[in-house]
Each structure stands twice: as structure tokens, then as C-alpha cells.
Amino acid sequence: MSKQNLTLRWGILATGGIAQSFAKDLTVDPKTRNVTNLTHVVEAAASSSSKSRAEQFLKDVDAPSSARAYGSYEELVKDPNVDIIYVATPHSHHYQNTMLCLNAGKHVLCEKAFTTNAAQAKLLVNKAQERGLFLMEAVWTRYFPISAYVRELITSGKLGALTRVSAANDKAGDPYNKHADGKHRMVNMDLAGGALLDLGIYSLTWLFQTLYLTQPEGKRARPSVVGSSMKKFPTGADTDTTILMKFPNGGGDEGDAQGIATTSMIVDSDVDGKGTSGPAVRIQGEKGEVQVWPPIYRPTKTRLILADGTCEDKQWPQPGPGKGSGWYNGFGGDMQPEGEGQGMFWEADECGFALMEGRKEGRLEGWEESVLIMEVMDEVREQNGMKYPKEVESVEYPLKMK
Ligand SMILES: NC(=O)C1=CN([C@@H]2O[C@H](COP(=O)(O)OP(=O)(O)OC[C@H]3O[C@@H](n4cnc5c(N)ncnc54)[C@H](OP(=O)(O)O)[C@@H]3O)[C@@H](O)[C@H]2O)C=CC1
Ligand SMILES: O=C1OC[C@@H](O)[C@H](O)[C@H]1O
């Protein structure tokens, strides 16, 4: 029987940029997004650096005074009052950290990219299945109302059969000047850096949520990578990646659709930060198209253009008020407009709804799709000779990481 109400007690694993944003978003009143049966609480946080860092984190995110601070992840997963853990470490560590949580019997929301490769992702899924635990990759964008609107335009037939989706997630970070030492997680191979896993995942997300998720469940046809190209930083991490894909039945009865996913940390999809560069996602069907403005991981504007003359702009502000920014993107910069929440609460809500309903997977990106997207990224890396260090791609557990 499903539960009627839930207070979800979160443990935050790691205290970096996105952990701050996520924890602050948990404090946004759920009623501002019409959620009345679910509340979130930051119950505990852990830092691998020190207990005092976790204490400071809890203060910074306005956690209740009863929240516990731990100086190791191992202590956090033993806390009996934590229901679910948000894993907010670099990609390189997701497999080890998530496995630690699952082994301790905790539900997990793990930041994107899910793991460094599909083999690791499959093992996490197997573990969650075996232990009867909830596990979801934190692709927050999927749970936004703007994404629901776009998917509905497709499934209702308003755009007609889809022919092509192109999606660009470009975030100029000036790595050659600012991160030439190669230590920043975006360019550091030891931390599974690179545009593909960090930014390209969102371009793929738009391809998949429009051309794959919209196909009837059980009948979703596996897409293929037709080709790809990469430019690399001296460390070996990709700075620019372009992927061409074919989605069988992505165009419904009309057959295949094409997907073009691009990503860069050299150029920007939103050059002046004001939207002047135009849309970064175009979803094109035989009756018209819908466009999505950058940044495509947190978009707030769409334009629907139909062959019948319709041209409709919509704004999609995030509910709030948020707690100000702790918002950090790969190369710094504050993306959160004043008064708005970041928007990470939608995925947090999904975790709560799933637990109330007894579901183990996310509604809008289940295990099969997360693994499939990792397989696509594996293939693109393979095509371009991009390998992470052995221990980073290892499936051995436990493995002491750098
Ligand atoms: N959804 C979104 O919009 C965003 C998602 N992300 C994702 O979140 C994850 C973390 O990114 P972000 O918060 O920007 O990263 P940060 O570098 O800001 O934070 C990462 C944290 O991980 C912990 N950590 C553990 N081991 C290591 C290690 N060897 N090297 C560095 N840090 C380590 C540290 O916390 P401690 O010392 O406390 O243990 C550190 O503060 C990534 O998966 C990224 O893709 C990032 C930005 C935006
Ligand atoms: O998930 C993310 O979204 C915003 C980006 O700037 C950041 O690098 C990435 O990790």
C-alpha cells in the first residue's frame, strides 16, 4: 500500500558546489510547486576532508540544528535516521560511493554522469535490485515542468512525426588559461573529467527524452551512434564532442529520426548570458518545432513554431524563493536568478514519490535508460580513443581511490 505523506530524511555525501545547491533547494517550500504530501529535511552531511567541513556545510545550507556532521562517508551511511543519500562527488567516485551507500541499505540519488562507464552502472543497478533499494541518476532537467511540456507536445502529436533533434550544451570555461594545470575536475582524467560526461550528458538527455522516452514503454527501440568526433585537452579530457545518432521509430510511424548532440567547454551556447544566441535545442517534426533556450540543463524559455502560423513563447521560472546561490557550475559562475530556487527539488520530489509508491526507479529515467546512455558515452569514448585511468573505470569494490 502506498504512503500518503512523507518526510524524506537526506544524507548529503560530499560538500562541494552542487551539494550546496541541492541541499539549499531542499529548504524551498514544496507548496510553491503544489506538493503537499512531501517534505525534505537535511538530516546529515559527510565530508571526506574533515568533520569541521561537514559542520560548516550544514550551517551554510541552513540545516536543522539536529543535523549530524561526519568526517567520513563510511560514518554517514551508518546513520539509522538517514533514508536516502545524495552522492555529489566527481564522476570518478560515483561507483565506489554509491556502492557504499547501497551496501549499507540506503536509497541513493547519484549525480550525473551516473558512473564512468556502463559496466559500473549495471553493477549499481544489480545491487539496488538485489537489495530492494531506490536508485536514480540525478538528471534533474528531466523532472522540470518545461521538459514535461516538450514531451507532451511530442506525444500529443502536435509537432507531427519527429525528424530531427539537435541539442547543444556548451559552457565556455577558458580551460587553457584558467585550468592549464589540469587539476580542475572538468579536465582532470583522475576525476573522470571532460565535456562529454559533465555537459554532453544534457545534450544526450534532450535527445533521449524526446526521441526515446516518448516511445511507448516496452517498445522503445535502441538508438545507434552513427559517428562522433572529439577535441581534447592536453590531459586527454575532451573539450568538444559531437555525436550523430539514429533513433529507430523516434519519428513514430514515420520511422527513424536523427539526433545531433554537441557539447563544448570552449564555446558557449549563450554567449552574452542573455539568450541572444538563440535556442540550443531544436525538436523538429513534420508539423513544426519546439525550441529550448540555453542553458539546457536549467532552461527557462521555449518557443513553439508550427506550420499553421502558431508562434508561442513561454517562460518557465523555477519556483522559490531559493536560499541564494551556492550554485556552482563546472567553471564557476552563478546561474540562479534572484528569488528563484535552483530547480533541484523536482528530482528530490521524484525520490520521495517513488518511495511513497514503492518504486525503485525514477519515472522519467529508469535504470535501463541510464545504462543505455552510459553505453552511448562508452561508444563515443571508444570511437575517439578516450580512456580514463584503470582504477577510475574499474568495477572492483571496494577500491581505494585517489
Ligand atoms: N546537477 C547539476 O546541475 C550539477 C551537477 N554536478 C555534478 O556533481 C558532481 C560534483 O560536482 P561539483 O559539486 O561541481 O564538484 P566539486 O569539486 O565542487 O565538489 C566535489 C566534492 O566531492 C568530494 N570529493 C571526494 N573525493 C574527491 C576527490 N578525489 N577530488 C575532488 N573532490 C572529491 C569533495 O567533498 P568532501 O571533501 O566534502 O568529501 C568535493 O567537495 C559531479 O558529478 C558533477 O557532474 C556538478 C555541477 C552541477
Ligand atoms: O551538471 C552540470 O550542469 C551545469 C554545468 O555548468 C556543470 O558543469 C555540470 O556539472
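Whatever order the structure lists them in is the order used to number ligands and atoms, beginning at 1.
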- Query: So, are E393 and K387 salt-bridged, with charged N and O less than 4.0 Å apart?
  - Reply: no

**Q.** Basic-acidic side-chain contact under 4.0 Å: E130, K127
**A.** yes

For H93, the ligand 1 atoms with a heavy-atom partner under 4.0 Å come out as 26 (N), 29 (N)

Atom 46 (C) of ligand 1: of E111, H184, R185, the nearest heavy atom sits on R185

Nitrogen or oxygen atoms of G17 and ligand 1 under 3.5 Å apart: yes

Hey, does the side chain of R185 reach the backbone of S92 with a donor-acceptor pair shorter than 3.5 angstrom? no

The atoms of ligand 2 lying under 4.0 Å from a heavy atom of K112, numbered in the order shown, are 1 (O), 2 (C), 9 (C), 10 (O)

Is E375 paired with K122 through a side-chain N to carboxylate O contact shorter than 4.0 Å?
yes

Does W140 have a heavy atom less than 4.0 Å from any atom of ligand 1?
yes

- Message: Please confirm whether H91 approaches ligand 2 to less than 4.0 Å, judged on its heavy atoms.
- Response: no

Contact with ligand 1 for F57, non-hydrogen, under 4.0 angstrom = no

- Item | Side chain H107, main chain D83, donor-acceptor under 3.5 Å | no

With heavy atoms and a 4.0 Å threshold, my read on which part of A88 contacts ligand 1 is backbone

Quick look: D190 vs ligand 1, heavy-atom contacts under 4.0 Å, and the answer is neither

### Query
More than 12 foreign heavy atoms under 6.0 Å from CD of E357: is that the case here?
yes

| said: I'd like to know if the side chain of N188 and the backbone of D190 have a donor-acceptor N/O pair within less than 3.5 Å. | reply: yes

So the atoms of ligand 2 within less than 4.0 Å of a heavy atom of D198 turn out to be 7 (C), 8 (O), 9 (C), 10 (O)

So the atoms of ligand 1 within less than 4.0 Å of a heavy atom of Y73 turn out to be 23 (C), 24 (N), 25 (C), 35 (O), 36 (P), 39 (O)

Honestly, for Y297 the part within reach of ligand 1 (heavy atoms, under 4.0 Å) is neither

Under 4.0 Å from one or more heavy atoms of K171, ligand 2 contributes atoms 6 (O)

Quick note on ligand 2: atoms under 4.0 Å from a heavy atom of L199 include exactly 5 (C), 8 (O)

Note: ligand 1 atoms sitting under 4.0 Å from heavy atoms of M344 are 1 (N)

Short version for M401: what comes under 4.0 Å of ligand 1, heavy atoms counted, is neither

Q) Can you tell me if Y202 has a non-hydrogen atom under 4.0 Å from ligand 1? A) yes

Checklist entry - Does the ring centre of W206 sit less than 6.0 Å away from the ring centre of Y202? => result no

Practice item. Using the six-membered ring wherever Trp is involved, compare the ring planes of F22 and Y86 and label them parallel, tilted or perpendicular (cut-offs 30° and 60°). Key: parallel

Applied to residues 226-244, the salt bridge (Lys or Arg N to Asp or Glu O under 4.0 Å) test, sequence neighbours excluded, yields none

Purely on distance, is any nitrogen or oxygen of I18 under 3.5 Å from one on ligand 1?
-> yes

**Prompt:** Hey, does H94 sit under 4.0 Å from ligand 1 if you only count heavy atoms?
**Reply:** yes

Restricting to heavy atoms, the pick from K112, M186, Q342 nearest atom 44 (C) of ligand 1 would be K112

So the atoms of ligand 1 within less than 4.0 Å of a heavy atom of S49 turn out to be 36 (P), 37 (O)

Between Y95 and Y397, what is the ring plane arrangement, given parallel below 30°, perpendicular above 60°, and tilted in between?
perpendicular

Discussion item. So that I can tick it off, tell me whether K112 and E365 are bridged by a salt bridge, with the cut-off set at under 4.0 angstrom between side-chain N and carboxylate O.
Written reply: no

To the nearest 0.5 Å, atom CZ of R282 lies from atom CD1 of I260 at 10.0 Å

Margin query: Are any of the N/O atoms on W140, whether in the backbone or the side chain, positioned under 3.5 angstrom from an N/O atom of ligand 2?
Written below: no

Could you walk me through whether K390 and E396 pass the salt bridge (Lys or Arg N to Asp or Glu O under 4.0 Å) test, one step at a time? CA-CA 11 Å; K390 238 182 184 168; E396 192 181 329; over 6 Å; no

Note: heavy atom closest to atom 32 (N) of ligand 1, options A54, G343, G193, P90, belongs to P90

Checking S264, S277, S269 against D170 for side-chain hydrogen bond (donor to acceptor under 3.5 Å, both in side chains), the one that qualifies is S269

Within 4.0 Å of some non-hydrogen atom of S48, the atoms of ligand 1 are 25 (C), 36 (P), 37 (O), 38 (O), 39 (O)

Original post:
When the ring planes of F247 and F208 are compared, do they come out parallel, tilted or perpendicular, using 30° and 60° as the limits?
Top reply: perpendicular

Nearest non-hydrogen contact to atom 41 (O) of ligand 1 from the set Q56, H91, R53 belongs to R53

Per-atom filter on ligand 2: closer than 4.0 angstrom to a heavy atom of Y202 are 1 (O), 2 (C), 3 (O)

Near D198 (heavy-atom distance under 4.0 Å), the atoms of ligand 1 are 44 (C), 45 (O)

